[in-house]
Amino acid sequence: MTRSTGSSPSLSPGLNLSLTEELWASIEPIYAEILAHPFLGGLTDGTLPREAFRHFVVQDSHYLRDYARALAVCAAKAPGEEEVRAFADDAIGALAAEQGMHAEFLTAFGGSAEQAAAEPVLPTTRAYTSYLLATVYGGSFAEAVGAVLPCYWIYARVGEALLAQGSPDPLYAKWISTYGDEAFQSVVRRVLALTDRLGEEISPAERRRVVEHFTTTSRYEWMFWDAAWRGERWPV
């Protein structure tokens with residue numbers, strides 16, 4: 001049984017963990033650092049500098065274009081028609097988010113999606129998407145799912161946590177509601193169920209690679225928020 005997006009795995013001695021339980025256990029410290037990051041704290045208390053949020057939105061627009069490509073590769077590698085359709089739909093959804101929600105946020109900053117697209121892809125974004133695309137193209141279907149999963153799952157968990165707190169800033173409250181609502185949560189539950197089915201089929205060696213990719217891209221999720229908080233730029 002796939003656990004809900006809001007619970008933590010039980011690590012009872014001797015218990016055979018599902019793949020999703022093993023994956024989440026591997027990033028518990030990373031997720032704790034994500035929730036404690038001042039970027040997220042600033043979203044909920046309304047103190048996040050607008051420039052930090054704009055940095056995030058611009059880089060997320062760049063990221064989502066490559067994430068959509070990664071999801072399309074997952075669709076191409078999927079063994080069944082249901083998975084093909086689901087990942088293809090998610091790829092379209094990622095592009096729709098980039099074109100819709102981000103455009104709305106950028107307009108609030110007095111800019112446009114075209115202006116954001118012309119801004120450079122910064123180091124953390126470039127590193128994250130390069131790793132993601134290399135993994136989905138070069139690895140198995142299960143490895144590809146492991147690599148793309150943190151962007152689903154961590155955002156669902158963060159969305160739940162932040163939605164419970166809310167934000168006095170309407171712009172930040174809108175972003176929080178996107179990832180905390182039931183529509184997004186149901187998509188994540190579907191991917192988690194698929195992940196557990198894969199966990200029953202793959203070899204121990206492949207399972208270790210899935211965990212490695214999942215852990216790595218989870219670290220990049222923390223780095224992505226941190227880069228926005230620091231106002232990251234290319235050093236030279």
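Counting from 1, the numbers follow the sequence of the chain as shown.
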If you apply the rule side chain to side chain contact (heavy atoms under 4.5 Å, CB included), what do you find for L40 with T44, and how did you get there?
CA-CA 7 Å; L40 297 186; T44 55; over 6 Å; no

Go through the steps for E119 and Q59 under the test side chain to side chain contact (heavy atoms under 4.5 Å, CB included), then give the verdict.
CA-CA 9 Å; E119 294 188 28; Q59 291 306 303; 5.5 Å; no

Before you tell me yes or no, could you show the steps for V148 and L132 under side chain to side chain contact (heavy atoms under 4.5 Å, CB included), namely the whole-Å CA-CA distance, both residues' side-chain angles and the distance that decides it to 0.1 Å?
CA-CA 7 Å; V148 301; L132 188 65; 4.0 Å; yes

Derivation and outcome, side chain to side chain contact (heavy atoms under 4.5 Å, CB included), residues L64 and L95
CA-CA 7 Å; L64 284 174; L95 290 174; over 6 Å; no

So F56 and F224, ring pair (Phe, Tyr, Trp, His ring centres under 6.0 Å) or not? Walk me through it.
CA-CA 8 Å; F56 171 84; F224 201 89; 5.8 Å; yes

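Side-chain contact between H62 and R126 is absent, with no heavy-atom pair separated by less than 4.5 Å. Annotation: side chain of R190 is not in contact with side chain of Q185 (no heavy-atom distance under 4.5 Å). Counting heavy atoms from C-beta on, the side chains of R233 and H55 come closer than 4.5 Å. The shortest distance between side-chain heavy atoms of V191 and W153 does not fall below 4.5 Å. Annotation: side chain of R207 is in contact with side chain of E22 (closest heavy-atom distance under 4.5 Å). Taking the side chain as every heavy atom from C-beta outward, F87 and F141 approach each other to under 4.5 Å. You'll find the side chain of I154 stays beyond 4.5 Å of the side chain of Y179, heavy atoms only. In this structure, the side chains of S167 and L43 stay at 4.5 Å or more apart for every pair of heavy atoms.
For the atom pair CH2 of W222 and OH of Y31, the computed distance is 16.0 Å after rounding to the nearest 0.5 Å. The OG atom of S177 sits 11.0 Å away from atom CG of L162, with the distance rounded to the nearest 0.5 Å. Once rounded to the nearest 0.5 Å, the distance linking OG1 of T20 with CG of L149 reads 8.5 Å. The CZ atom of F214 sits 5.0 Å away from atom CG of L23, with the distance rounded to the nearest 0.5 Å. Here CG of D169 is found 13.0 Å from NZ of K174. Values are rounded to the nearest 0.5 Å. Between Y152 atom OH and Y67 atom OH the span is 4.5 Å, to the nearest 0.5 Å.
Hydrophobic clustering (ILVMFWY, side-chain heavy atoms < 4.5 Å, transitive): L122 and Y220 are in distinct clusters. Put simply, W229 and V121 are part of two different groups of oily side chains (I, L, V, M, F, W, Y) that touch within less than 4.5 Å, one to the next. A continuous path of ILVMFWY side-chain contacts below 4.5 Å connects L35 to W175, so both sit in one hydrophobic cluster. Linking ILVMFWY residues whenever their side-chain heavy atoms come closer than 4.5 Å, directly or via other members, leaves V84 and Y137 in distinct clusters.
Minimum interatomic distance between E212 and Y131 (heavy atoms only, all atoms of both residues): O-OH, 4.3 Å. Between A78 and E83, the closest heavy-atom pair is CB-CB, 3.6 Å. Closest non-hydrogen pair, A88 versus A75, comes out as N-CB, 3.8 Å. Shown here for A147 and T135, the closest heavy-atom pair between the two residues is CB-CG2, 3.8 Å. The minimum heavy-atom distance between T217 and G146, with the atom names listed, is OG1-O, 4.1 Å. The minimum heavy-atom distance between T215 and S26, with the atom names listed, is OG1-OG, 3.3 Å.
Looking only at atom types and distance, the side chain of E143 has a donor-acceptor partner in the side chain of S140 under 3.5 Å away. Residues R50 and Y172 bring a donor and an acceptor atom of their side chains to less than 3.5 Å of each other. For the residue pair T47 / D45, a side-chain donor-acceptor distance below 3.5 Å is found, with atom types taken as modelled. Judged by distance alone, the side chains of Y128 and D66 never bring a donor and an acceptor atom under 3.5 Å apart.
With S130 contributing its side chain and A127 its backbone, the two residues share no donor-acceptor pair below 3.5 Å. For the pair K77 (side chain) and V136 (backbone), a donor-acceptor distance under 3.5 Å is present.
R85 has no carboxylate O lying under 4.0 Å from a charged side-chain N of D89, or vice versa, which leaves the two without a salt bridge.
For F105 and F53, the ring centers are positioned less than 6.0 Å apart.
The number of heavy-atom neighbours closer than 6.0 Å to CD of E81, taken from other residues, nucleotides and ligands shown, is 12 or below.
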